[in-house]
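Note that the numbering runs from 1 along the sequence shown for the chain. Keep in mind that the numbers below use all heavy atoms, side chains included, and drop hydrogens, waters and symmetry copies. Read the numbers this way: they start at 1 and go in the same order the structure lists the ligands and their atoms.
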Amino acid sequence: MHIARRRGWEIPESRVTPEAAMLNRRGLMAGVGALSIAGALPARAEPNPKFVPGRGLTEEKYATSYNNYYEFNDSKNVVDQAQALKQRPWTIALGGLIKTPRTIDIDDLLKQVQSEERIYRHRCVETWAMTVPWMGFSLAQLLKIAEPLGSAKYVVFETVQDKVAMPGLGSPFYTWPYVEGLAIDEAANDLAFMVTGLYGKPVPPQNGGPLRIALPWKYGFKSAKSIVKITFAEKRPVTFWEGLQSREYGFWANVNPDVPHPRWSQAHERLLGSNESVPTQIYNGYAEFVAGLHEGRKSEKLFM
Ligand code: MTE
């Protein structure tokens, strides 16, 4: 992502398919139903109707085979290597400024939360985008379980470091672990979603299984994968890409078509699969949920 030689929007010809039809919500649901009947997707509960993606789903084969996961490699083709990352047993350390720091098993955590499906748009800073059905639970539920102290201002996510499964951890270019973070009010907002599934199945390792986050109003790099540690802090963390190149990647990283990356425009995005180019929207189309969060942060560099 930070290396000039690689350009994420250059999707190989083999991955290009005819333009997907733009589906309205009814059409989209009909499409999901039809796929279920055809056996491509298991029967699933209807997605939360509060989050209408406004465009058709990306085909599963594209969303699960074109990935950014630098702990494996920096090529987008991580699927084969990622299968070596064991998904169970899996624990998450909850720590920092909370009532009782502790480690929680993922299956125990899942018993304490209410899961649902949400269809979200995803916009990578490299300008590719997808629309996928995630399964998971709101980050707000996790906050309740963690019981942060009043002094906690930020939530910090850390990704697993499995030196055997992840050859990228040996790369001298990066500073591991992959760290991401949110202000605590952002974390409590309705859109912030802990992901455990994708297309009605457990989220595969290449997409960040068994637990990742989805923050659809921010550039995709904020959505840390394979989370093993969640810490509550008073001080803003230095996040992975920010630490590598703060001129290009910031902490807030809210999507904004009018604020270009120093090396390319952010005005448009290319849909995975169809390769169609569409205009990018402020907050990736989620302004109604999150624009208010930043009213008091005008002095911050909110858009990169
Ligand atoms: N999380 C970890 N641990 N490592 C990564 O390299 N890449 C980020 C984000 N989360 C990344 C990560 C980037 S740049 C993007 S765009 C999304 O994951 C990609 O998610 P996807 O592969 O499910 O599309």
Side-chain angles (χ1 to χ4, degrees), residues 1-3 6-9 11 15 57-83 85 90 92 120-136 156-163 165-169 171 173-182 193-199 201-230 239-245 248-250 253 255 261 264 266 269-273 280 284 304:
M1 190 156 93
H2 69 299
I3 302 170
R6 205 170 290 290
R7 290 185 291 174
W9 61 93
I11 300 173
R15 290 213 172 94
L57 286 186
T58 300
E59 271 186 77
E60 179 180 353
K61 64 180 174 184
Y62 300 112
T64 57
S65 67
Y66 185 85
N67 302 104
N68 270 333
Y69 204 154
Y70 284 73
E71 288 88 332
F72 291 103
N73 67 64
D74 61 2
S75 77
K76 317 284 180 220
N77 183 7
V78 304
V79 178
D80 290 345
Q81 283 177 348
Q83 305 317 306
L85 183 65
W90 195 273
I92 302 117
Y120 273 173
R121 300 150 70 105
H122 173 101
R123 171 60 155 85
C124 178
V125 73
E126 296 163 331
T127 77
W128 56 268
M130 60 182 182
T131 310
V132 297
W134 303 111
M135 192 72 194
V156 187
F157 303 93
E158 251 184 67
T159 296
V160 73
Q161 295 184 80
D162 180 333
K163 292 216 168 66
M166 301 172 135
L169 293 176
S171 164
F173 298 121
Y174 307 107
T175 317
W176 308 107
Y178 197 98
V179 172
E180 259 308 335
L182 288 172
F193 199 52
M194 299 301 296
V195 169
T196 55
L198 189 52
Y199 297 92
K201 303 166 192 164
V203 64
Q206 66 270 22
N207 291 93
L211 183 69
R212 72 173 280 172
I213 190 161
L215 306 166
W217 74 101
K218 291 184 180 283
Y219 287 114
F221 65 85
K222 296 292 295 178
S223 297
K225 294 178 165 181
S226 308
I227 293 167
V228 290
K229 190 169 170 187
I230 303 176
T239 49
F240 180 78
W241 289 106
E242 184 189 14
L244 283 168
Q245 215 159 121
E248 302 199 348
Y249 309 105
V255 174
H261 183 281
W264 59 81
Q266 295 291 20
E269 61 205 57
R270 200 163 287 281
L271 304 182
L272 279 195
T280 287
N284 199 22
M304 192 38 79

Side chain to side chain contact (heavy atoms under 4.5 Å, CB included), paired with Thr64, selected from Leu198, Thr58, Val203, Val132: Leu198
Parallel, tilted or perpendicular: ring planes of His261 versus Tyr249, cut at 30 and 60 degrees: tilted
Close approach of Arg212 to ligand 1, heavy atoms, under 4.0 angstrom: yes
Test item: Glu71 and Trp176 side chains (from C-beta on) under 4.5 Å apart, heavy atoms: yes
Gln83 and Gln206 side chains, donor-acceptor separation under 3.5 Å: yes
Option nearest atom 14 (S) of ligand 1 (shortest heavy-atom distance, choices Asn68, Leu215, Val79): Asn68
Per-atom contacts of ligand 1 with Ser223, taking only distances under 4.0 Å to non-hydrogen atoms: 9 (C), 10 (N), 12 (C), 18 (O)
Distance-only N or O hit between ligand 1 and Asn67, under 3.5 Å: yes
Ligand-residue contact atoms, ligand 1 with Cys124, heavy atoms, under 4.0 Å: 16 (S)
Non-hydrogen atoms of Ala63 and Asn207 that approach each other most closely: O-ND2, 2.9 Å
Ligand 1 atoms in contact with Tyr70 (distance to a heavy atom under 4.0 Å): 5 (C), 6 (O)
contact_flag Lys222 ligand 1 heavy-atom lt 4.0 Å: no
Contact with ligand 1 for Gly208, non-hydrogen, under 4.0 angstrom: no
Pair Asn67-Lys76, side-chain donor/acceptor within less than 3.5 Å: no
Ligand-residue contact atoms, ligand 1 with Met130, heavy atoms, under 4.0 Å: 24 (O)
Glu180 touching ligand 1 at heavy-atom level, < 4.0 angstrom: no
Worked check of side chain to side chain contact (heavy atoms under 4.5 Å, CB included) between Ser223 and Glu180: CA-CA 8 Å; Ser223 297; Glu180 259 308 335; over 6 Å; no
Shortest reach to atom 21 (P) of ligand 1 by a heavy atom, considering only Arg123, Lys225, Gln161: Lys225
Proximity flag Trp128 to ligand 1, non-hydrogen atoms under 4.0 Å: yes
Residue portion contacting ligand 1 (non-hydrogen atoms closer than 4.0 Å) for Glu126: neither
Enumerated ligand 1 atoms positioned under 4.0 Å from heavy atoms of Thr159: 3 (N)
Per-atom contacts of ligand 1 with Gly220, taking only distances under 4.0 Å to non-hydrogen atoms: 8 (C), 9 (C), 13 (C), 15 (C), 16 (S), 17 (C), 18 (O)
Whether Tyr69 and Phe72 hold their rings parallel, tilted or perpendicular, with breakpoints at 30° and 60°: perpendicular
Between Trp241 and Tyr174, a side-chain donor and acceptor under 3.5 Å: no
Side chain to side chain contact (heavy atoms under 4.5 Å, CB included) between Val255 and Tyr219, intermediate numbers included: CA-CA 6 Å; Val255 174; Tyr219 287 114; 3.8 Å; yes
Salt bridge Glu60-Lys201, side-chain N to carboxylate O under 4.0 Å: yes
Contact (N/O only, under 3.5 Å) between Trp241 and ligand 1: no
Ligand 1-proximal atoms of Tyr178, by part, heavy-atom distance under 4.0 Å: side chain
